[in-house]
Each structure stands twice: as C-alpha cells, then as structure tokens.
There are 2 protein chains.
Amino acid sequence: MIYSTELIKGTLKTIVLKLLADNKKMYGYEITQRVKELTFDKIQISEGALYPTLHALESEGLLVTEVEYIGKRVRKYYSLSPSGKSKSKEKLSELADFIETMKLLLDLKVKTA
Amino acid sequence: MIYSTELIKGTLKTIVLKLLADNKKMYGYEITQRVKELTFDKIQISEGALYPTLHALESEGLLVTEVEYIGKRVRKYYSLSPSGKSKSKEKLSELADFIETMKLLLDLKVKTA
DNA sequence: TACAATACATCGGAATCTTATGTATTTTCG
DNA sequence: CGAAAATACATAAGATTCCGATGTATTGTA
C-alpha cells in the first residue's frame with residue numbers, strides 16, 4: 001500500500017527535521033531513499049516536494065548546508081542549526097501528540113448521546 | 001496545544017467518514033463540535049473546511065443527506081451511502097496504517113550506516 | 001552503450017485549508 | 001428585555017503545500 005498523497009501533507013517538514021536530528025547530516029536524495037527504506041516503500045517523498053521544503057527550512061534558519069563534491073557531482077548536505085534542533089523537538093512532540101489524538105478518534109465507539 | 005493546521009491536512013475526509021460510520025447520521029455543526037470534544041479542543045474543524053468537504057463527499061456519492069427543520073432553522077443530516085461505508089473502512093485502515101508507519105519514523109534511532 | 005541510478009533543481013497546476021464574510025434563528029444571561 | 005453567544009447553513013479569495021512533469025548532468029551497471 002502506498003498512502004494517498006494527501007495523508008502525508010503537513011508531515012514532511014517534521015520528517016525531515018527528525019531525520020536530521022538522528023543523522024547529523026544528510027543530503028536530499030539520501031532523505032528520499034531513507035524514508036522509502038524506513039517505511040518499506042509506503043512513503044515516497046517526491047523531489048518536487050522535498051527540495052522546496054529543504055530550501056524553505058534553510059531560509060527559516062533551521063538548516064545549514066555544506067556542499068561536497070563526489071567526483072564531479074555536487075552533493076549538498078543539510079544539518080540542523082541550533083534553532084533547528086529545538087524546532088525538531090517541538091515539531092516531533094507535536095506530531096506524537098497528534099498521532100495519539102488521532103488514535104483516539106480512530107478507535108472511538110461513540111453512540112449518539 | 002492546538003495543532004499547527006498543516007498537520008491536520010488530508011485527514012478531514014477520513015475523520016468525517018469515521019464519525020458517520022459510528023453515528024449513523026450527523027449534521028455539519030455537530031461534527032465540528034464532536035471532533036472538538038473528542039480531541040479535547042486539540043482539533044477544531046473550521047466550517048470553511050468542513051462544508052466544502054461534505055459537499056464533495058456527497059457529490060462523490062459517499063454521503064446522502066436529509067433535511068430536517070428545527071423550528072425555522074434548517075438542519076442537514078449526512079449519512080453514509082453503501083459506497084461510503086466501504087470507503088470509510090478503506091480510508092480508516094489506510095490512516096491506521098499510516099499512523100503506525102509514522103510511529104516507526106518517529107521512534108527511529110538510525111545511525112548513519 | 002544504453003539504461004538505471006544518483007543528484008540537483010524549477011514550475012504549472014491541483015488540492016486543501018484558512019480567514020473572512022454573509023444570512024438567519026435560537027438560547028442564554030445580566 | 002435586550003444584547004451577546006451559540007447554533008446552523010454557506011461561499012469565496014487567497015495561502016500553502018504537494019504532485020507530476022521536466023530539465024540538466026554524472027556515475028554505475030548489464
């Protein structure tokens with residue numbers, strides 16, 4: 001099963017921040033592949049979604065970049081800035097909380113009062 | 001804590017279908033209030049989001065309506081059509097699956113290989 | 001040597017929600 | 001009693017976010 005794309009909306013920034021919190025530095029393509037692996041292909045981040053998001057996070061001052069050359073190919077590493085680290089924790093606890101709330105909604109057996 | 005709005009994106013249809021699966025029939029305003037209650041005010045569905053969604057679900061043939069008058073005030077009840085019932089189950093298991101996947105991503109302690 | 005994979009990026013358009021606005025009735029509380 | 005809040009529907013402009021397509025270029029593989 002691949003999730004209908006709408007479900008993933010709004011979680012991308014959090015996923016990116018979380019991965020970077022766990023992995024010191026990563027580059028864009030690596031992030032897409034890692035997410036694909038970790039979710040058993042259930043979540044596939046498109047590049048058209050990822051790169052704009054990375055740029056946005058960078059311009060918000062949450063990420064910093066360093067460029068590396070692998071042969072002639074450019075590789076752009078992203079890592080968390082100090083404010084990115086706290087933002088990561090923030091977004092993460094918010095998502096964890098949200099998930100618990102959704103579980104409540106999912107499991108609810110509410111009869112009309 | 002009220003969730004940043006982006007987090008809720010994409011879950012609204014599923015929430016509506018689930019509520020209607022549990023409650024036979026509900027009207028719009030009731031849905032907003034029920035969600036507010038059940039989530040301890042953490043999720044507040046705006047009317048500008050809800051009504052277009054209800055109309056969309058109806059035009060997809062997933063919901064059927066019946067109008068009732070409470071005094072002079074109109075009340076529009078929505079309930080699941082047969083296809084709405086199966087769609088509800090579908091969306092629900094997708095969301096449940098998605099949540100499990102997100103938990104994996106959240107709890108991951110992945111070191112760079 | 002062609003194809004797949006790696007690696008960056010942008011862009012038009014679609015989908016979805018926010019915020020504001022509008023109308024009208026009913027209830028509540030000072 | 002009268003004003004405000006709650007109930008109940010609805011639309012519409014605009015923002016955000018993502019999809020799908022496209023583009024460029026290098027490297028690995030069969």
Side-chain angles (χ1 to χ4, degrees), chain A residues 2-17 19 25-37 41-60 62-63 65-78 91 95 98 113, chain B residues 2-17 19 25-37 41-60 62-63 65-78 91 95 98 113:
Chain A
I2 294 181
Y3 303 122
S4 62
T5 58
E6 74 204 25
L7 216 51
I8 303 167
K9 292 201 178 193
T11 59
L12 183 51
K13 279 189 182 179
T14 306
I15 290 173
V16 168
L17 290 172
L19 280 177
K25 67 174 187 178
M26 297 182 84
Y27 54 98
Y29 186 77
E30 187 184 13
I31 292 174
T32 64
Q33 298 308 303
R34 188 66 58 87
V35 170
K36 195 164 175 284
E37 278 170 41
D41 294 10
K42 288 177 176 179
I43 297 181
Q44 299 191 18
I45 297 176
S46 72
E47 296 176 294
L50 181 63
Y51 289 113
T53 297
L54 286 172
H55 300 161
L57 290 172
E58 188 185 3
S59 75
E60 286 174 50
L62 301 175
L63 302 185
T65 60
E66 50 183 306
V67 169
E68 222 174 74
Y69 280 88
I70 308 298
K72 281 177 185 171
R73 191 152 55 192
V74 163
R75 183 179 286 176
K76 202 163 165 188
Y77 277 102
Y78 290 87
K91 290 289 248 174
L95 182 49
F98 176 70
Chain B
I2 294 179
Y3 303 122
S4 61
T5 57
E6 73 203 25
L7 216 50
I8 304 166
K9 292 201 177 192
T11 59
L12 183 51
K13 279 189 182 177
T14 306
I15 291 173
V16 169
L17 291 172
L19 280 177
K25 67 175 186 175
M26 297 182 84
Y27 54 97
Y29 187 76
E30 187 184 13
I31 291 174
T32 65
Q33 299 307 303
R34 187 67 58 86
V35 170
K36 195 164 174 286
E37 278 169 43
D41 294 10
K42 288 177 175 179
I43 297 181
Q44 299 190 18
I45 297 176
S46 72
E47 296 176 294
L50 181 64
Y51 289 115
T53 297
L54 287 172
H55 300 160
L57 290 172
E58 187 184 5
S59 74
E60 287 174 51
L62 302 174
L63 302 186
T65 61
E66 50 183 308
V67 170
E68 222 173 76
Y69 279 88
I70 309 298
K72 283 178 186 169
R73 191 151 57 191
V74 164
R75 184 180 286 178
K76 202 165 168 187
Y77 278 101
Y78 291 87
K91 291 288 250 176
L95 183 49
F98 177 70

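Here is how names work: the chains are called A, B, and so on, in the same order as the sequence lines, proteins then strands, and each is numbered from 1.
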Go through it in stages, so that I can follow the logic: the residues are A:V74 and A:Y69, the test is side chain to side chain contact (heavy atoms under 4.5 Å, CB included), and I'd like the CA-CA distance, side-chain angles, deciding distance and then a yes or no.
CA-CA 5 Å; A:V74 163; A:Y69 280 88; 3.2 Å; yes
Could you tell me the separation between the CD1 atom of B:I70 and the C1' atom of C:dA24, rounded to a whole number of Å?
15 Å
Can you tell me how far P of C:dA15 sits from CG of B:L12, to the nearest Å?
16 Å
Residue pair B:F98, A:K42: steps toward the side chain to side chain contact (heavy atoms under 4.5 Å, CB included) verdict:
CA-CA 8 Å; B:F98 177 70; A:K42 288 177 176 179; over 6 Å; no
Phosphate oxygens OP1/OP2 of C:dA9: is one of them under 4.0 Å from a side-chain N or O of A:Y51?
no
Length of the line joining A:E37:CD and C:dA5:P, which is rounded to integer Å
14 Å
Hey, does B:K72 reach any base, or is it just sugar-phosphate, or nothing, if we go heavy atoms under 4.0 Å?
sugar-phosphate
Within the structure shown, what part of the strands sits under 4.0 Å from B:G71 by heavy-atom distance: base, sugar-phosphate, or nothing?
sugar-phosphate
In whole angstroms, how far is the P atom of D:dT16 from the CG atom of B:L7?
17 Å
B:I31/B:L54 under side chain to side chain contact (heavy atoms under 4.5 Å, CB included): CA gap, chis, key distance, verdict
CA-CA 11 Å; B:I31 291 174; B:L54 287 172; 4.3 Å; yes
From the options D:dC18, C:dT6, D:dA8, select the nucleotide whose nearest atom is closest to the side chain of B:R73.
D:dA8
Please state how far atom CD1 in B:I31 lies from atom P in D:dT7, giving the value in whole angstrom units.
15 Å
Side chain of A:Y29 only, please: which of C:dT6, C:dC17, D:dC18 is the nearest?
C:dT6
Out of C:dT10, C:dC17, C:dC8, which nucleotide sits closest to the side chain of A:R75?
C:dC8
Phosphate-side-chain proximity, B:K76 and D:dA10, N/O vs OP1/OP2 below 4.0 Å:
yes
Roughly how many Å is it from CD in B:E47 to C1' in D:dT7, rounded to a whole number?
9 Å
Output yes when at least one side-chain N/O atom of B:S46 is less than 4.0 Å from OP1 or OP2 of C:dT18, else no.
yes
Would you mind classifying the nucleic acid contact of B:G28 as base, sugar-phosphate or nothing, using non-hydrogen atoms under 4.0 angstrom?
sugar-phosphate
Starting at the 5' end of DNA chain D, which residue's closest nucleotide do you reach first, B:H55 or A:G10?
B:H55
Side-chain atoms of A:Q33 come closest, of C:dT6, D:dA8, C:dT18, to C:dT6
Nearest heavy-atom approach of B:E30 to B:M26 is OE1-CA, 3.2 Å
Residue mapping more 5' on DNA chain D - nearest nucleotide basis, B:Y77 or A:I45:
B:Y77
Spacing of B:K9 atom NZ relative to D:dC19 atom P, expressed in whole Å
13 Å
Passing candidate, side-chain contact (heavy atoms from CB on, under 4.5 Å) with A:V16, options A:L50, A:T11, A:L62:
A:L50
Contact under 4.0 Å: A:Y27 side-chain N or O vs C:dA7 OP1/OP2:
yes
Whole Å only: how far is the CD1 atom of B:I8 from the C1' atom of D:dT16?
14 Å
State, to 0.1 Å, how close A:K76 and A:Y27 come at their nearest heavy-atom pair, and which atoms those are.
O-CB, 3.1 Å
